[in-house]
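Read the structure below first, then the notes.
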Amino acid sequence: MMKIFICPSCGRMTAASRKKEVFCSKCDEIPMERAKLTFEKYTEMDDKQRKDYSESWLYIHAAGKRTKV
């Protein structure tokens, strides 16, 4: 089963099947987090939709960090 991972630093998204831990090659190997997005939905998205999803995810992720302080 393919899983979608997203970088909590830059928002880069990638798909992986067997790896339990994925690292962002763009951000000096920062561990990526699993996105709540199915591979089927990910493949149906165009580049703009993926970018919008990534930006929204980063906004929500940052908001979660702000409220925990």
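For clarity, every value in this text was computed on a predicted model and none was experimentally measured. What you see below is based on every heavy atom in this structure, not just the backbone, and it leaves out hydrogens, waters and symmetry mates.
Taking CG of Leu37 as the reference point, atom CE of Met13 lies at 5.0 Å (rounded to 0.5 Å). How far CD of Glu33 is from SG of Cys7: 9.0 Å, rounded to the nearest 0.5 Å. Going from atom CE of Met32 over to atom NZ of Lys26 covers 10.0 Å, rounded to the nearest 0.5 Å. We find the OG-CE distance between Ser17 and Met1 to be 10.5 Å, quoted to the nearest 0.5 Å.
Shortest non-hydrogen contact noted between Gln49 and Met45 is OE1-CA, 3.1 Å. Among all heavy-atom pairs drawn from Tyr53 and Ala35, the shortest one is OH-CB, 3.9 Å. Taking each heavy atom of Pro8 and Pro31 in turn, the nearest pair found is CD-O, 3.4 Å. Between Val22 and Thr14, the closest heavy-atom pair is CG1-CG2, 3.9 Å. The two residues Leu58 and Gly11 make their nearest non-hydrogen contact at CD1-CA, 3.7 Å.
In this structure the side chain of Cys10 reaches within 4.5 angstrom of the side chain of Cys24, judged on heavy atoms. In this structure, the side chains of Ile6 and His61 stay at 4.5 Å or more apart for every pair of heavy atoms. Contact check for Arg50 versus Tyr42: side-chain heavy atoms found under the 4.5 Å cut-off. No side-chain heavy atom of Lys19 sits under 4.5 Å from any side-chain heavy atom of Phe5.
Within a 6.0 Å radius of CG in Asp47, no more than 12 heavy atoms belonging to other residues, nucleotides or ligands are found.
Between the Ser56 side chain and the Asp52 main chain, a donor and an acceptor come within less than 3.5 Å of each other.
The hydrophobic cluster containing Phe23 does not contain Met2, counting ILVMFWY residues as joined when their side-chain heavy atoms lie under 4.5 angstrom apart, directly or transitively.
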